[in-house]
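The block underneath contains the structure these notes are about, expressed in C-alpha cells.
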Amino acid sequence: MPELPEVEVTRLSFADRIAGARIESLRMGKPLRWPLGVEPERLVGQQVLGVRRRGKYLLIDLSDGLLLLHLGMSGSLSFGQNLGPPGVHDHCDLRTSQGVLRLNDPRRFGAVVFADGENAPVAQKLLGRLGVEPLGVAFDLQQFVTALKGRKAPIKQVLLAGDVVVGVGNIYASEALFLAGIRPTTRACRISRVRVAGLREAIQNVLARAVEKGGSTLRDFSNAQGESGYFQLEAMVYGREGAPCRVCGTPIKAIRQGQRSTFFCQVCQKS
DNA sequence: AAAAGCCCCTGGATGC
DNA sequence: TGCATCCAGGGGCTTT
C-alpha cells in the first residue's frame, strides 16, 4: 500500500506526539519480514528522539539505537492512548509513556528491525543502496540524467527499483509518467534530457500533491490517527483501465511489467 | 553491473 | 453458498 506519500503522511501523523516518550514495553506478534534482531527488552527505558523517513522506511531514533519500520504492502500504523487489545493482524505494539505505536499488517511484508545505529550492518543492508530522496534538494537533474543513461530497462521498472530515486511505487510511477508524457515501456536510456527534466518535476509534483491529500487510500490505508487519504480520487491513470483519459478521452490502457500492473494513455504518452 | 523472476502472506473480488 | 483463481500499495534474493 504505502509509497512515499503514505509513509510520509504516516510519519507526520505521529512524529510530534511520540517525540520525547519513554519506551515501556515492546510486544511482537507473528513474524514479519525480518526479525527484530534483539530482545524486546533492549528497547525498554529508551527515549524516542524523533521520527525520520528514508524512502519507504520510517526511522525511529532512540537514545541508544534506531528502530527501522517498513509497512510493506498492507501495513499501517496507529498511535494512541486507547487502542484496545491487539487484533489478529496487530504484530507490533510499542508502548510508550505517551501512547502505543501499533503496526497492523495482514500480509506481513512489513518489518520492525532494531539497529544499533545507522551504520550498523543491518541498517546498511536495508538502507545502503537506496536512491536519492525525490523531495529533497539532492534530487539533481544531471545525476538523474546520468543514472538513467545507464539503464536499458523500461523507465517504469527503473523508477520502481528504488536505487535511482526512492519512494516511487506502483501508483505514483504510473502517475508521474503520465504527467511527464512518457510511455512506461520506454527504455530509461532513450529518454532525452529535456524529458528527463520533465519527469523529475512530475515525480516531485505528484508526490508532494499526494502528501497534501493525505496519501492514497485504495483499500484500507490510514495514517496513525486513523485518517484516510484522498489522492486516489484524482489519479489520472492508476486503476482506471478502460476509463476515458482525463486529458484526451482515450480509454486508459493497462499492461503488466515485471508482475506489476501499469496504466497509461497511449495518446498522451506516445513515447 | 544490470535485468528478470521468484517469493514472502492474507484477504477481497470475481467467476463458475 | 461453496470453491478456485486472480489480484493487491514492496522489495530482497537468486539466477541469467
Side-chain angles (χ1 to χ4, degrees), chain A residues 1-11 29-35 37 53-58 68-77 87-92 103-113 121-131 146-176 184-190 206-207 210-211 213-223 228-235 237-242 254-263:
Chain A
M1 143 184 33
E3 303 180 34
L4 184 150
E6 290 73 33
V7 176
E8 180 64 8
V9 163
T10 297
R11 187 184 75 80
K30 285 190 186 177
L32 294 167
R33 176 149 196 185
W34 296 294
R53 180 190 55 72
R54 177 73 179 99
K56 297 171 190 168
Y57 286 90
L58 286 174
L68 299 169
L69 231 133
H70 199 288
L71 302 179
M73 285 281 261
S74 58
S76 61
L77 293 177
V88 280
H89 297 309
D90 294 329
H91 303 303
C92 171
L103 172 67
N104 179 274
D105 186 4
R107 291 178 73 180
R108 292 191 281 125
F109 290 170
V112 179
V113 175
V122 64
Q124 277 304 302
K125 188 188 80 172
L126 299 180
L127 308 175
R129 54 159 175 259
L130 293 183
T146 304
L148 294 188
K149 272 284 166 261
R151 299 296 202 97
K152 294 180 180 171
I155 181 62
K156 159 85 175 335
Q157 286 166 264
V158 172
L159 293 179
L160 278 191
D163 51 353
V164 173
V165 56
V166 294
V168 182
N170 209 39
I171 298 176
Y172 302 109
S174 282
E175 292 298 309
T185 49
T186 302
R187 292 172 184 270
C189 57
R190 303 290 300 276
V206 75
L207 294 179
V211 171
K213 300 300 285 185
S216 294
T217 296
L218 263 46
R219 180 171 271 96
D220 52 12
F221 169 76
S222 62
N223 67 29
S228 295
Y230 295 92
F231 184 83
Q232 74 281 1
L233 298 176
E234 52 190 74
V237 289
Y238 185 84
R240 300 191 65 243
E241 179 178 13
I255 59 173
R256 303 282 299 174
Q257 290 181 289
Q259 8 261 69
R260 316 293 300 277
S261 56
T262 298
F263 301 87

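Numbered from 1 within each chain, the chains take letters A, B, ... in sequence-line order.
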Parallel, tilted or perpendicular: rings of A/Tyr238 and A/Phe263 (30°, 60°): perpendicular

For A/Gln257, all residues meeting side chain to side chain donor-acceptor pair (under 3.5 Å), sequence neighbours excluded: A/Thr262

Sequence-aligned protein contact record of nucleotides 11-16 of chain C, with B where the base is within under 4.0 Å of a protein heavy atom and S where only the sugar-phosphate is: BSS---

4.5 Å side-chain heavy-atom contact, A/Ser222 and A/Thr217: no

B/dC9 phosphate, OP1 or OP2, under 4.0 Å from A/His89 side-chain N/O: no

Interatomic distance, A/Glu241 CD vs C/dC6 C1' [rounded to whole Å]: 14 Å

Touch class at under 4.0 angstrom, heavy-atom based, for A/Phe231 against every strand present: nothing

Nucleotide nearest A/Glu3 when distance is taken to its side chain, options C/dA8, B/dG11, C/dG9: C/dG9

Nucleotide nearest A/Arg256 when distance is taken to its side chain, options C/dG9, C/dC7, B/dT10: C/dC7

Note, A/Glu3 side chain near A/Ile171 side chain (heavy atom, < 4.5 Å): yes

Verdict with reasoning, A/Arg33 to A/His70, per side chain to side chain contact (heavy atoms under 4.5 Å, CB included): CA-CA 9 Å; A/Arg33 176 149 196 185; A/His70 199 288; over 6 Å; no

Separation of C/dG10 C1' from A/Arg219 CZ (nearest whole Å): 14 Å

With sequence neighbours excluded, residues passing side chain to side chain donor-acceptor pair (under 3.5 Å) with A/Glu234: A/Arg209

Short side-chain N/O contact to C/dG9 OP1/OP2 from A/Ser261, under 4.0 Å: yes

Nearest heavy atoms of A/Lys56 and A/Leu4, plus distance in Å: CG-N, 4.1 Å

Whole-Å gap separating P (B/dT10) and CZ (A/Phe109): 9 Å

Rounded distance in Å - CG (A/Asp90) to P (B/dC9): 19 Å

Sugar-phosphate only, base, or nothing, as touched by A/Thr217 at under 4.0 Å among non-hydrogen atoms: base

Euclidean distance, atom CG of residue A/Asp105 to atom P of B/dT10 [Å, nearest integer]: 11 Å

Side chain to side chain contact (heavy atoms under 4.5 Å, CB included) partners of A/Ala188, counting only residues at least two apart: A/Leu148, A/Arg151, A/Ile155, A/Val158

Distance, rounded to the nearest Å, where A/Leu32 contributes CG and B/dT10 contributes P: 12 Å

Distance in angstrom units between A/Leu218 CG and C/dC7 P, rounded: 16 Å

Test item: A/Lys156 and A/Asn170 side chains (from C-beta on) under 4.5 Å apart, heavy atoms: yes

Length of the CG-C1' vector between A/Asn170 and C/dG9, whole Å: 7 Å

Pull out every protein N or O sitting under 3.5 Å from an N or O of nucleotides 2-4 of chain B, one pair per line with the distance.
{"from": "B/dA3", "atom 1": "OP1", "to": "A/Lys152", "atom 2": "N", "distance (Å)": "2.5"}
{"from": "B/dA3", "atom 1": "OP1", "to": "A/Ala153", "atom 2": "N", "distance (Å)": "2.9"}
{"from": "B/dA3", "atom 1": "OP2", "to": "A/Arg151", "atom 2": "NH1", "distance (Å)": "3.0"}

For the student: nearest non-hydrogen atoms of A/Leu207 and A/Gly167, plus distance: CD2-O, 4.5 Å

Base of B/dC9 paired with side chain of A/Arg108 (donor-acceptor, under 3.5 Å): no

Bracket notation of DNA chain C in which parentheses pair within the strand, [ ] cross earlier pairs, and | pairs with another strand (Watson-Crick or G-U, under 3.5 Å): .|||||||.|||||||

Integer angstrom distance from the P of C/dC7 to that of B/dG5: 16 Å

A/Lys152 atom NZ: more than 12 heavy-atom contacts under 6.0 Å: no

Sugar-phosphate only, base, or nothing, as touched by A/Gly169 at under 4.0 Å among non-hydrogen atoms: sugar-phosphate

Nearest-0.5 Å distance that lies between atom OH in A/Tyr172 and atom CG in A/Leu159: 14.5 Å

